[in-house]
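Below: one structure, written as structure tokens.
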Amino acid sequence: MRRLSLLESIAGSYSAEILLALCRSPLATELLEPCTAVCLAHRHRLSLLGLTHLLEYLARSTDLLRKEGDHYQLRATPASLAAIRYQLEKFRGAYGPAVSACLDSLRDEKLGRDRVDREALASAFVAMGDSVNGEALQAIQEAGIGFLLDLGCGPASLLRELALRNHRFIGIGIDENAAMCRAARRRLRELRVEKRVTIIHGDATAGALSRISFGRKTRVEALHGGSFLNAFFARGEAGVIAVLKDLAGLFPGRSAWFVDYYGGRSSAVNMLQDVAQVVSGQGVPAATRTAWSRIYRAAGCLVVSLKDYRSGPTEWFLHHVVLRK
């Protein structure tokens, strides 16, 4: 990751603000095709002079907007625009307020958590549509899981896909973000699988999971947690070990698949996520497979497989363990 000068750092923050505003408006979609500032300003009742300055700034300061003659166009397709919206809503929209108050977050982790814009975080995941982690989906399908508990389910993309592929599949998703839960329920209704997939608003700790009836707990065959365990590193590995032990007490003998990223790596995306973790009171997750293996074993888990992946610059993993008391 290239080091930025002071003015480059400030310029980057301005670019992110302008891009986020564009992506939250119809202008981003319109800019997938060449457009003039005159046309956009007239259509959206904006100052022509001001809009021209902003578009010129983006064209000169980023590689996302190109200018040919008097026309501007985003260097994006509809699919890549969704990925751009995801990154902007997540890192600037959701975690930006916590970054602005970063020193307060270091004094009290709860202050950092409260600063996260949950609506923006939900918008980030909704922007990705029905995108599902293919490796986790394949592993769970190959294991023949018919009743899955998804911890930190987000918009429930994994549960939706499993329900669409298997008409007998039952799922429970739990997420602490109320906006994410609303988005999940809305999409489940649209796909007509809401009777087989239940969404619970809660933080997926033992207290919230106790709201699941005893009968349903006994039917849960396996668990999945995508970007779930990384939320418990504020006090180091001990918090994650405690969560795993709680899960083992509630669901002994069940398989669990955890998808997450490695902290402390040098890629730009991993470093951004580390900052987001710190300012939001979650802490930076373990950096190596050896460290994660130590965590699982300290929690009494049986480690089945630890697989590493790379998607572009992002380093992440899929871990399969069995929960044991």
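In this text the structure is predicted, and so the values were computed from the model without any measurement.
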Checklist line | Working for side-chain contact (heavy atoms from CB on, under 4.5 Å), residues L244 and V321 | finding: CA-CA 10 Å; L244 288 168; V321 303; 5.6 Å; no

When you look at I295 and C301, which way does the side-chain contact (heavy atoms from CB on, under 4.5 Å) test go after all the steps? CA-CA 9 Å; I295 290 169; C301 299; over 6 Å; no

side-chain hydrogen bond (donor to acceptor under 3.5 Å, both in side chains) assessment of T62 paired with S15
CA-CA 7 Å; T62 78; S15 296; 5.9 Å; no

Worked verdict on R294 versus R297 for side-chain contact (heavy atoms from CB on, under 4.5 Å): CA-CA 5 Å; R294 180 177 65 245; R297 296 183 192 284; 6.0 Å; no

>> Run R115 and D104 through side-chain contact (heavy atoms from CB on, under 4.5 Å) and show every step you take.
In response: CA-CA 10 Å; R115 287 276 188 170; D104 290 339; 4.2 Å; yes

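In this structure a side-chain-to-backbone donor-acceptor pair under 3.5 Å is present from E221 to G146. Checking side-chain atoms of K217 against main-chain N and O of I212 turns up a donor-acceptor pair under 3.5 Å. With hydrogens and angles ignored, the 3.5 Å screen pairs a side-chain donor or acceptor of Q277 with a backbone N or O of G283.
The hydrophobic cluster containing Y95, built from Ile/Leu/Val/Met/Phe/Trp/Tyr side-chain heavy atoms closer than 4.5 Å, also comprises Y86, V116, L121, F125, M128, M180.
Look at K67 and E56 and you find a salt bridge, because one of the NZ, NE, NH1 or NH2 atoms lies within 4.0 Å of a carboxylate O, short of that distance. Remark: R24 engages E89 in a salt bridge, criterion side-chain N to carboxylate O under 4.0 Å.
The ring of W316 has its center no closer than 6.0 angstrom to the ring center of Y261. W257 and H224 have their aromatic ring centers separated by at least 6.0 angstrom.
Using cut-offs of 30° and 60° for the angle between ring planes, the F317 and H319 rings count as parallel.
At a threshold of 4.5 Å between non-hydrogen side-chain atoms, the residues R160 and P155 count as touching.
Each of L158, I140, V259 was compared with N133 under the side chain to side chain contact (heavy atoms under 4.5 Å, CB included) criterion, and only V259 meets it.
Here the CG-CZ distance, from D260 to F228, works out to 10.0 Å after rounding to the nearest 0.5 Å.
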